[in-house]
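The structure under discussion appears below in the form of C-alpha cells.
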Amino acid sequence: RLRKWQERIRTKDAGERNLQFALSEIDRMASALGVPRSVREVASVIYRRALNEDLIRGRSIEGVATACLYAACRQEGIPRSLEEVSDVSRVEQKEIGRTYRYVAQELELKMEPVDPKQYVPRFASELDLSEEVQSKANEIIDTTAEQGLLSGKSPTGYAAAAIYAASLLCNEKKTQREVADVAQVTEVTIRNRYQEQIEAMGIH
Amino acid sequence: MVDPKETINIENVVASTGIGQELDLQSVAMDLEGADYDPEQFPGLVYRTQDPKSAALIFRSGKIVCTGAKSTDDVHQSLRIVFDKLRDLNIQVDDDPEIVVQNIVTSADLGRNLNLNAIAIGLGLENIEYEPEQFPGLVYRLDEPDVVALLFGSGKLVITGGKKPEDAEEAVDKIVSRLEELGLLD
DNA sequence: GCTTTAAAAAGTAAGCT
DNA sequence: AGCTTACTTTTGAAAGC
C-alpha cells in the first residue's frame with residue numbers, strides 16, 4: 001500500500017531528523033563546553049546505543065543527548081559538572097542527572113565515580129595558578145581521599161577546597177569566592193571541605 | 001563490636017487498608033477537624049493523627065493509606081483512630097479492615113566508616129548507583145530480600161522497600177557479609 | 001509520568017542575623 | 001560565621017490526569 005509506504009518513509013525521515021537534531025545538539029553543547037572532538041564522538045556513540053536500545057522512549061531527545069555528553073566527558077577523563085552541562089542545555093539539571101543514571105545503568109556503562117583530581121587542571125588554569133599549586137592540590141586530594149574523606153562528597157567541592165588550600169600553601173592565594181566561582185560551589189562548601197582536608201593533612 | 005542488627009530502627013511504616021464503603025470526601029472534609037482536602041491537587045483527603053503520629057490518605061473509594069508511623073503497632077493504633085473518627089461521622093466502617101504493610105523504612109549503623117568509592121567498585125558498578133555529585137548515599141539494590149539500601153560514608157544506612165521488620169535484618173546481615181568478604185569492612 | 005504523605009541518611013545551598 | 005529551612009536519594013499504596 002502506498003499509504004503504508006509513505007508512512008514508513010515519514011517515520012524514517014522523522015527518525016533521521018531526530019538523530020540529526022540530537023547529534024547537532026551534542027555538537028553545539030560540546031562546543032559551548034569547550035571539550036575536544038573526541039568527546040563529541042564518544043557522546044554520539046553513546047547516544048546511538050541509547051537509541052538502538054530504545055532508551056529514548058518516554059524522555060526528551062535533548063535530555064538524553066545532554067546525559068550522553070555528560071557521560072562522555074566523564075569517560076574521557078575531562079568531566080563537566082551537571083551544573084556546567086545544564087548551563088549549555090535547555091534541560092534542567094535534575095532531569096539530566098536522572099537521565100544519565102538511567103542511560104548509564106541500561107547501557108552498563110560502568111561509570112566510575114569522578115576523581116576530583118580531574119577538575120584540578122581546568123579550575124587551576126582558570127584561576128591562573130601554577131603547576132606547583134596543581135601538584136599540591138592533587139597531593140591533598142590523594143592523601144585525604146585515602147583517609148576516607150571523599151566518601152559522599154561532591155567532586156567539584158572537594159577539588160575546589162584542595163585548590164584553595166594548595167593556593168595558600170604555595171603563596172599564590174586565591175579567595176574562597178574566586179575558587180567557588182570557577183567550581184560553581186558555595187564558599188561554605190569550600191570552607192567545610194578545606195577544614196577537613198587541612199586537618200587530615202596535619203596542617204602543613 | 002556491636003551487632004549492626006541491634007542498631008536497626010524502624011523510621012516509617014506505610015500500610016494500606018479500606019473501610020469497605022465509598023465516601024463523600026467533600027462532606028468528610030467539612031466535618032472532620034484538621035482534614036486537608038484539595039481534589040484539584042490530589043484525590044485523597046489528608047488526615048493526621050497526633051498519637052501515634054501519622055498521616056492517613058483517605059480516598060473516595062474508601063481505601064486508606066497510612067504513613068509516618070514508627071511501628072506496625074502504631075499503624076494499627078493510628079488507623080483505629082481514623083476508623084473511629086469516621087464512625088463518629090456516622091460512616092459505616094467494617095469491623096476489622098485488613099491492614100497490609102506495604103513498606104518499612106529502617107535506619108541502622110555499621111559502626112565503621114565506609115569507603116564508598118571502593119564499595120562501588122567492589123560490589124560491581126553494574127549493581128550499584130553512586131553519584132556523590134547528586135546524592136551522598138550509595139544505592140545498593142538487593143534481590144533477597146527485595147529491598148534497597150542507601151549506604152553512607154559514616155557507616156549509617158537506610159533500608160527501604162521491605163514488607164516486614166525481618167527484611168531489614170536479613171539485608172543488614174547480607175550487606176555486612178558481602179562487605180566483609182570483600183575486605184571493605186574493618 | 002505527575003500529583004500527596006512520612007521517614008532516615010549526609011551533602012549542598014540559600015536566606016537571615 | 002552560624003542557624004534555619006529546604007532540597008537531593010530510596011520505597012510503597014491510594015485515584016486521577
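Model, not experiment: these values are computed from the prediction. The chains referred to below are lettered A, B, ... by the order of the sequence lines, with proteins before strands, and numbering in each begins at 1.
Rounding to whole angstrom units, OH of residue Tyr37(B) and P of dT4(C) are separated by 15 Å. Here dT12(C) presents its C1' atom at 14 Å from CD of Glu187(A), a figure rounded to the nearest Å. With rounding to whole Å, Tyr47(B) atom OH is found 19 Å from dA14(D) atom C1'. Rounded to whole angstrom, the span from the CD1 atom of Ile128(B) across to the P atom of dT10(D) amounts to 14 Å. To the nearest angstrom, P of dG11(C) lies 13 Å from CD of Gln197(A). Leu151(B) has its CG atom 14 Å from the P atom of dT10(D), to the nearest Å. Spacing between atom CD of Glu92(A) and atom P of dC7(D) amounts to 14 Å, rounded to whole angstrom units. Regarding Leu82(A), its CG atom lies at a distance of 20 Å from the P atom of dC7(D), rounded to whole Å.
A salt bridge is absent between Asp88(B) and Lys85(B); no separation between the charged side-chain nitrogens and carboxylate oxygens falls under 4.0 Å.
Residue pairs meeting the ring-ring contact (aromatic ring centres under 6.0 Å, His included) criterion with at least one partner in residues 149-193 of chain A, sequence neighbours excluded, are Tyr164(A)-Tyr194(A). Under the side-chain hydrogen bond (donor to acceptor under 3.5 Å, both in side chains) criterion, the residue pairs touching residues 62-79 of chain A are Glu62(A)-Arg90(A), Thr66(A)-Ser89(A), Tyr70(A)-Arg74(A), Tyr70(A)-Glu133(B), Arg74(A)-Tyr100(A), Arg74(A)-Glu131(B), with sequence neighbours excluded. Sorted by first and then second residue, the salt bridge (Lys or Arg N to Asp or Glu O under 4.0 Å) pairs involving residues 157-177 of chain A (not counting sequence neighbours) are Arg177(A)-Asp181(A), Arg177(A)-Glu187(A).
Between Asn12(B) and Arg101(A), the residue anchored nearer the 5' end of DNA chain D, judged by the nucleotide with its closest heavy atom, is Arg101(A). Ranked by how close their nearest DNA chain D nucleotide is to the 5' end, Pro136(B) and Ile64(B) are led by Pro136(B). Toward the 5′ end of DNA chain C lies the nearest nucleotide of Ser107(B), the other residue of the pair Ser107(B) and Lys153(A) mapping further downstream. Summary of the strand contacts: Gly58(A) and Tyr158(A) both lie near DNA chain C, and taking for each the nucleotide with the nearest heavy atom, the more 5' one is attributed to Gly58(A).
No hydrogens or angles were tested; on distance alone, nothing pairs the side chain of Thr160(B) with the base of dT10(D) as donor and acceptor under 3.5 Å.
When distances run from any side-chain atom of Phe135(B) to the nucleotides dT8(D), dA8(C), dT4(C), the shortest one goes to dT8(D). Of the candidate nucleotides dA8(C), dA15(D), dT10(D), dT10(D) has the atom nearest to the side chain of Val139(B). Of the listed nucleotides (dT12(C), dT11(D), dT9(D)), dT12(C) has the atom at the smallest distance from the side chain of Thr189(A). For Lys156(B), whose side chain is taken as the heavy atoms from C-beta onward, the closest listed nucleotide among dA14(D), dA10(C), dT9(D) is dA10(C). Closest approach to the Phe59(B) side chain among dA14(D), dA1(D), dA10(C) is made by dA14(D) (side chain taken as heavy atoms from C-beta onward). Between dT4(C), dA10(C), dT9(D), one nucleotide has an atom nearer to the side chain of Leu57(B) than all others, and that is dT4(C). Of the candidate nucleotides dA10(C), dA13(C), dT9(D), dA13(C) has the atom nearest to the side chain of Thr186(A). Proximity note for Arg141(B) (side chain, C-beta onward) versus dA7(C), dT11(D), dT12(C): the nearest is dT11(D). Comparing dA8(C), dT8(D), dG16(D) by their nearest atom to the side chain of Arg60(B) picks out dG16(D). Taking the side chain of Ser154(B) as heavy atoms from C-beta on, and the options dA1(D), dT10(D), dA9(C), the nearest nucleotide is dA9(C).
When the side-chain contact (heavy atoms from CB on, under 4.5 Å) test is applied to Leu89(B), the partners found at least two apart in sequence or on another chain are Val28(B), Asp31(B), Leu32(B), Ile91(B).
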### Task
Applying side chain to side chain donor-acceptor pair (under 3.5 Å), run through Thr99(A) and Glu95(A) and close with a yes or a no.
CA-CA 6 Å; Thr99(A) 306; Glu95(A) 179 61 22; 3.2 Å; yes
### Task
Take Glu196(A) and Thr144(A), measure what side-chain contact (heavy atoms from CB on, under 4.5 Å) needs, and give me the verdict at the end.
CA-CA 9 Å; Glu196(A) 296 174 351; Thr144(A) 60; over 6 Å; no
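Neither OP1 nor OP2 of dG11(C) sits under 4.0 Å from any side-chain N or O of Ser154(A). Close to dA7(C), at under 4.0 Å from its OP1 or OP2, lies a side-chain N or O of Lys53(B).
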### Summary
Under the rule of Watson-Crick or G-U wobble with both distances under 3.5 Å, where | means paired to another strand and [ ] a crossing pair, DNA chain C maps to |||||.||.||||||||
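When heavy atoms are screened at a 4.0 angstrom cut-off, Thr106(B) is found touching no nucleic acid atom at all. Within 4.0 Å (heavy atoms only), Gly137(B) reaches no atom of the nucleic acid at all. Contact annotation for Arg193(A): backbone-only contact, meaning every heavy-atom pair under 4.0 Å involves sugar-phosphate atoms and none involves a base. If you check every strand for non-hydrogen atoms under 4.0 Å, Val105(B) touches a base. Residue Val185(A) is in sugar-phosphate contact alone, with no base atom involved, counting any heavy-atom pair closer than 4.0 Å across all strands shown.
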Just list the side-chain donor-acceptor pairs under 3.5 Å for residues 14-21 of chain B, sequence neighbours left out, or say none.
| unit_1 | atom_1 | unit_2 | atom_2 | d |
| --- | --- | --- | --- | --- |
| Ser16(B) | OG | Gln102(B) | NE2 | 2.6 |
| Thr17(B) | OG1 | Glu98(B) | O | 2.7 |

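Nucleotides dT3(C) and dC7(D), compared at atom P, are 13 Å apart to the nearest Å. dA13(C) and dT9(D) have their P atoms separated by 15 Å, with the value rounded to a whole Å.
The side-chain heavy atoms of Leu23(A) and Arg48(A), taken from C-beta on, include a pair separated by under 4.5 Å.
Between the side chain of Gln105(A) and the backbone N or O of Glu126(B) there is at least one donor-acceptor pair closer than 3.5 Å.
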